[in-house]
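All ligand and atom numbering here is 1-based and tracks the order in the structure.
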Amino acid sequence: MALRNRRLRSTALLVAAAGALVAGVLTGSGTSQAATSQPCDIYASGGTPCVAAHSTTRALYGSYNGSLYQVRRSSDNATLNIGPVAAGSYANSAAQDSFCSGTTCVITIIYDQSGRGNNLTQAPAGGAAGGPDNLANATSAPTSINGHKVYGVFVAPGTGYRNNHTSGIATGDAAEGMYAIFDGTHYNGGCCFDYGNAETSSNDTGNGHMEAIYFGNIKVWGYGSGNGPWIMADLENGLFSGVNQHLNSGDPTITNRYLTAMVKGGPNKWAIRGGNAQSGSVSTFYNGVRPNVSGYNPMHKEGAIILGIGGDNSKGAQGTFYEGVMTSGYPSDATENSVQANIVATKYANATGGGGGTGGTTLTPGQSISLRATTACCTTRYLDHSGTDVGTIVVSSSSSSTDKGNSTWVVRAGLANSSCYSFESKNTTGSYLRHQNYVLHAQPNDGSSLFAQDATFCSQAGLNGQGNSFSSVNFPDHFIRHYNNIGYVASDGGSNAWDSATSWTDDVSWAVSSPWTP
Ligand code: AHR
Ligand code: AHR
């Protein structure tokens, strides 16, 4: 009660406020010269060329020097295309970092490198869910290739990309192949984190109208051995792990941090393959005839492309995508093995500095901290809780021990993602900072996966250049913010009052300070 009044009083004030596969390539002129053969060069030499090639991390042809993706920043809605640093090379993330400095960016377009114009953009509404879907935060999936920082596509539930007007993608029962690299530790049991071929209407038009790679641990349709996650094929009205509708024990649980996932399909044959994108080869998890369920032989592929969603725009799933392609024709195992060798040689590895971007003060689990607001109005105020209410209060050395304890947090490894953080109340052990309907609370951990997600925040350098900013792991464009001295997770210029763009950047930047209660 007292806390609320305190906040209300101050409201008025605030209203103002592969390389390795280096191949000797014969050029048209007949001169032999070394060129790096990237995945789509390998598929082309195998007679199954890429008809779509998507990556925010690197060029998928040795000669590709066009745009990889486009970002849009929230400060002025300006957009920037990001290309590789050189033909055939890794993405120029420095260009993104400088363009997005002090604001937030989303990925608006993932360009098709195949020359067919099969770009992925914000998915529209579909039969299962409205739209348009959310766009991925451009800094939520930092990674590196061969030591160079780049960014993947972080799909939180609600995020989705699509192209319903493609060129050259398999239709009907025609053969195709595809692979993608995912984060094998980022998945869930929602429908459906997919990459591949889907309906051009965004509706479920029946069995066999899709053929996409799925990754996650939903068990509504098929599943493999263990507890998941599994690589499966989304063939519409069914995720298939093999010939049977439900269990196929040849499809293993697979959780490599960087995961190569492959699905290919042609007339009455298809296969699932997968492996560790950082080493070794891909294994075959299924190779055989179409499922023993009616409607999948022949197939009725429609040729749209989806990323992060199901064929009917079901968008409850999450995952991270780094790169992927779709081919014309059924790639041989040998061709796919060469692609895997190229992927391993690309040397995917974690970016240093923890999840959700880099920079700011390093946090160490176990340490106690206080978080001081950096907005000019409020630099004596600290993030606190009173009971379950979260906001900011003025704290000084003469404050009560209750106020000091209420404004001290113990850093914990993120309950939902250990490269991010959770914040446990210093004086209410077992209660964590979590959002609910975008409002922050300090609540006891109920052990649910929703609680873990709602209580996990990824740290990055403060968006106003001071301290740290903390993005929600399940709503990555939402950051811990104070607004009228109450705590929220807020997006810049979003639909709630507390998403106000005015002083957003300052309100989401927190100075990591010595704990008021050590
Ligand atoms: O096949 C699984 C899912 O079922 C598809 O992705 C979706 O279109 C439908 O809801
Ligand atoms: O805060 C946004 C969402 O609201 C949380 O994820 C959930 O707990 C609630 O429905």
Side-chain angles (χ1 to χ4, degrees), residues 52 120 122-134 153 155-166 169-173 176 178 180 182 187-224 228-248 251 261-265 270-272 285-286 290-319 321 324 326:
L120 292 171
Q122 188 167 29
D133 295 355
N134 296 331
V153 183
V155 172
T159 304
Y161 293 83
R162 192 169 194 122
N163 186 329
N164 283 341
H165 305 279
T166 61
I169 304 297
T171 57
D173 208 26
E176 65 179 347
M178 56 198 97
F182 300 135
Y187 58 89
N188 70 5
C191 174
C192 290
F193 180 71
D194 287 353
Y195 172 73
N197 195 325
E199 291 95 340
T200 53
S201 61
S202 300
N203 292 316
D204 175 349
T205 51
N207 296 3
H209 284 249
M210 295 179 61
E211 184 166 71
I213 308 170
Y214 163 84
F215 179 68
N217 67 345
I218 192 170
K219 285 186 80 171
V220 170
W221 295 284
Y223 47 92
W230 305 280
I231 302 166
M232 298 192 274
D234 190 342
L235 304 180
E236 188 53 275
N237 300 316
L239 303 175
F240 286 91
S241 53
V243 73
N244 301 311
Q245 191 165 20
H246 300 300
L247 173 65
N248 294 280
D251 196 27
M262 294 174 167
V263 165
K264 54 186 167 182
W270 69 288
I272 305 175
F285 301 149
Y286 177 74
R290 289 291 180 182
N292 56 17
V293 181
S294 76
Y296 299 100
N297 183 32
M299 293 286 284
H300 313 278
K301 296 175 225 182
E302 297 190 21
I305 307 174
I306 51 173
L307 171 60
I309 49 179
D312 57 6
N313 194 41
S314 294
K315 52 179 173 181
Q318 65 183 21
F321 171 91
M326 300 172 69

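- Heavy atoms of Ala198 found under 4.0 angstrom from ligand 1: none, in either backbone or side chain.
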Practice prompt. Kindly indicate, with the supporting measurements, whether the criterion side chain to side chain contact (heavy atoms under 4.5 Å, CB included) is fulfilled by Trp230 and Lys219.
Written response: CA-CA 10 Å; Trp230 305 280; Lys219 285 186 80 171; 3.8 Å; yes
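- The aromatic rings of His300 and His209 sit parallel to each other, their planes meeting at less than 30°, with 60° as the upper class boundary.
- Aromatic rings of Tyr161 and Phe321 (six-membered ring for Trp) have centroids beyond the 6.0 Å cut-off, not under it.
- Across every non-hydrogen atom of Ala123 and Ile309, the tightest pair is CB-CD1, 3.6 Å.
- Heavy-atom separations between Met210 and ligand 1 include at least one value shorter than 4.0 Å.
- At a cut-off of 3.5 Å, with distance as the only test, no side-chain donor of Asn207 or Ser294 sits close to an acceptor on the other residue.
- Here the heavy atom of the protein found nearest to atom 5 (C) of ligand 1 is Glu236 OE1, 3.3 Å.
- Residue contacts with ligand 1 do not include Ala128, since none of its heavy atoms lies under 4.0 Å from the ligand.
- Interface of Asp234 with ligand 1, defined as ligand atoms under 4.0 Å from a residue heavy atom, comprises 1 (O), 2 (C), 3 (C), 5 (C), 6 (O).
- Within ligand 1, counting atoms from 1 as listed, the ones closer than 4.0 Å to a heavy atom of Trp221 are 2 (C), 3 (C), 4 (O).
- Aromatic rings of Phe182 and Phe193 (six-membered ring for Trp) have centroids within the 6.0 Å cut-off, being under it.
- Put simply, the side chain of Tyr223 reaches to within 4.5 Å of the side chain of His246, judged on heavy atoms.
- The aromatic rings of Tyr187 and Phe215 stand perpendicular to each other, their planes meeting at an angle above 60°, with 30° marking the opposite boundary.
- Of all the heavy atoms of Asp312, the ones lying under 4.0 Å from any atom of ligand 1 are found in both the backbone and the side chain.
- For a threshold of 3.5 Å applied to N or O pairs, the pair formed by Gly311 and ligand 1 contains at least one separation below that value.
- Side-chain atoms of Asp312 come within 3.5 Å of backbone N or O of Ser314 as a donor-acceptor pair.
- Atoms of ligand 1 found under 4.0 Å from any heavy atom of Gly310, numbered from 1 in the order shown, are 6 (O).
- Shown in contact with Gly238 at under 4.0 Å from a heavy atom are these atoms of ligand 1, numbered in order with element: 1 (O), 2 (C).
- Applying the 4.0 Å criterion to heavy atoms of Cys191 picks out, from ligand 1, the atoms 3 (C).
- Contact between Tyr214 and ligand 1 is absent, with no heavy atom of the residue lying under 4.0 Å from the ligand.
- In the vicinity of Ser314, heavy-atom distances shorter than 4.0 Å reach the ligand 1 atoms 10 (O).
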